[in-house]
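Here is the naming used below: chain letters follow the sequence lines, and residue numbers restart at 1 for every chain. Keep in mind the model is a prediction, meaning the values are calculated, not measured.
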Number of protein chains: 2
Amino acid sequence: MMSAAAHRRLAAESWESLLRAQVAVMRELHKEPIFKEVGSREYDVLFNLSRCPTGWLRLNELNDNVLLTQPSISRLVDRLEERGLVRRKTPDDDRRGVLIGLTEAGAALQKKVGRAHVQNIMHVMEEGLTDAEMQVLLELTGKLRATVAVRAATPTPSGK
Amino acid sequence: MMSAAAHRRLAAESWESLLRAQVAVMRELHKEPIFKEVGSREYDVLFNLSRCPTGWLRLNELNDNVLLTQPSISRLVDRLEERGLVRRKTPDDDRRGVLIGLTEAGAALQKKVGRAHVQNIMHVMEEGLTDAEMQVLLELTGKLRATVAVRAATPTPSGK
DNA sequence: CCAAGATATATGCGTTTGCATCTAATATAC
DNA sequence: GTATATTAGATGCAAACGCATATATCTTGG
């Protein structure tokens, strides 16, 4: 059993380590010349669209995965639309909403950037961690994300 | 032994999971009303300054930990300076550089925000992970960060 | 069925960010 | 020791961002 203070410290330190690792890797990945064509957030939107079964995502679904406010995503999508990389369409069942989907050009660009990017991710990750470690990291971050998602969805999941 | 394709996929997925977990937790933490007083990046600078032995950090050292460009940090520091939270001073040994340090008001604000923030971090983290899991996460992200730092510092550490 | 509230996205506007570039100071080459 | 290259920050300016709020649609209670 751990003291309350030690528990608190562990939580804070593990979060900070996660944050700094993300910053370090992100900065390294962002050096790729491929990101001159699309900003990393813009790529992230293209990526999310490429990885969804129907090919269409609601604006608010995009918003869950990208660390931007709703208005910023709306305008990011505007810019992608102007460049002919994505399209908007209104869903039949809820005409308040918008569905965003890749155009052919958008899908092609995503694939092109994605290939280079994945290659780079692999170099960075494999330099730091073994396959087994990556597997553990994947599980732990997945678990963390899942519980946070639940927390965010409910008013007061546990006490507070 | 893992196939090359599976290895690549594992690397990409573990990185993505890390990224999304960071986004999810960050968004949750950012809801705290305490961040009305200082933006989370501004707090991050105050935090980094509070956690360094000498009390002074170079601008480029801050830049290593915060995901902003050098000009942006320079201006972020401008704003903090105008608010009386940090001070600039020129180091004797290298008069190109700048040292940034907390003022008393800055240190006080950091402590105040920090307390609430750590409390919140603890709630979020402990809901998702056990102490043992946090420990593992801390180690893996630390290892990852360390190797990326080396990679960033050297021209071509391994092949590429 | 209608009014009141909630939800999904868009838009006005001031602030912050990044890119390119500038200045000042140090390190290197000759 | 002087010229050249390099490094550390600062600054002009256009693009991107967040906050507050507007608009349109859906949902709910009566």
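With 3.5 Å as the limit, one finds no donor-acceptor pair spanning the side chains of B:Glu32 and B:His117. A:Gln22 and B:Arg145 share no donor-acceptor pair across their side chains, judged by distance under 3.5 Å alone. Judged by distance alone, the side chains of B:Ser14 and B:Ser17 never bring a donor and an acceptor atom under 3.5 Å apart. Side-chain N/O atoms of A:Asp44 and A:Asn48 include a donor and acceptor closer than 3.5 Å.
Once you apply a 4.0 Å limit to the heavy atoms of chain A, the touched nucleotides of DNA chain D run 5' to 3' over D:dA16 to D:dC26.
Rounding to the nearest 0.5 Å places CG of A:Leu18 at 10.5 Å from CD of A:Glu16. We find the CZ-CG distance between A:Arg58 and A:Asp64 to be 11.5 Å, quoted to the nearest 0.5 Å. Rounding to the nearest 0.5 Å places CG of A:Leu62 at 14.5 Å from CZ of A:Arg41. To the nearest 0.5 Å, atom CG of residue A:Leu144 and atom CH2 of residue A:Trp15 are 8.0 Å apart. Atoms OH and OG, from A:Tyr43 and A:Ser50 in turn, are 6.5 Å apart once rounded to the nearest 0.5 Å.
The 12-atom threshold is exceeded at CZ of B:Arg79, counting heavy atoms of other residues, nucleotides or ligands nearer than 6.0 Å. Summarising the local packing, CZ of B:Arg27 is surrounded by more than 12 heavy atoms from other residues, nucleotides or ligands at distances under 6.0 Å.
The stretch residues 40-49 of chain B comes close to DNA chain C through B:Arg41, each having a heavy atom under 4.0 Å from the strand. If you check residues 53-74 of chain A against DNA chain D, the residues with a heavy atom closer than 4.0 Å are A:Leu68, A:Thr69, A:Pro71, A:Ser72, listed by number.
For B:His30, the side-chain contact (heavy atoms from CB on, under 4.5 Å) partners are B:Ser40, not counting sequence neighbours.
In this structure, the CG atom of A:Asp78 is 14 Å from the C1' atom of C:dG12, given to the nearest Å. Atom CG in A:Leu76 sits roughly 14 Å away from atom P in C:dG18 (whole-Å rounding).
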Between protein and nucleic acid, restricted to nucleotides 23-29 of chain C and to nitrogen or oxygen atoms under 3.5 Å apart, what atom pairs and distances do you find?
| residue | atom | partner | partner atom | Å |
| --- | --- | --- | --- | --- |
| C:dT26 | OP1 | B:Arg95 | N | 3.4 |

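Salt bridge absent: B:Arg87 and B:Glu81 never bring a charged side-chain N and a carboxylate O closer than 4.0 Å. Under a 4.0 Å N-O distance rule, the pair A:Lys143/A:Glu139 does not qualify as a salt bridge. With salt bridges taken as basic N to acidic carboxylate O contacts below 4.0 Å, one links B:Glu28 and A:Arg151.
When heavy atoms are screened at a 4.0 angstrom cut-off, B:Arg75 is found touching base atoms of the nucleic acid.
Each of A:Arg79 and B:Lys36 was matched to the nucleotide of DNA chain D holding its nearest heavy atom; the match closer to the 5' end belongs to A:Arg79.
Within the helix from C:dC1-D:dG30 to C:dC30-D:dG1, the inter-axis angle between the opening and closing five-pair segments is 30°, rounded to 10°.
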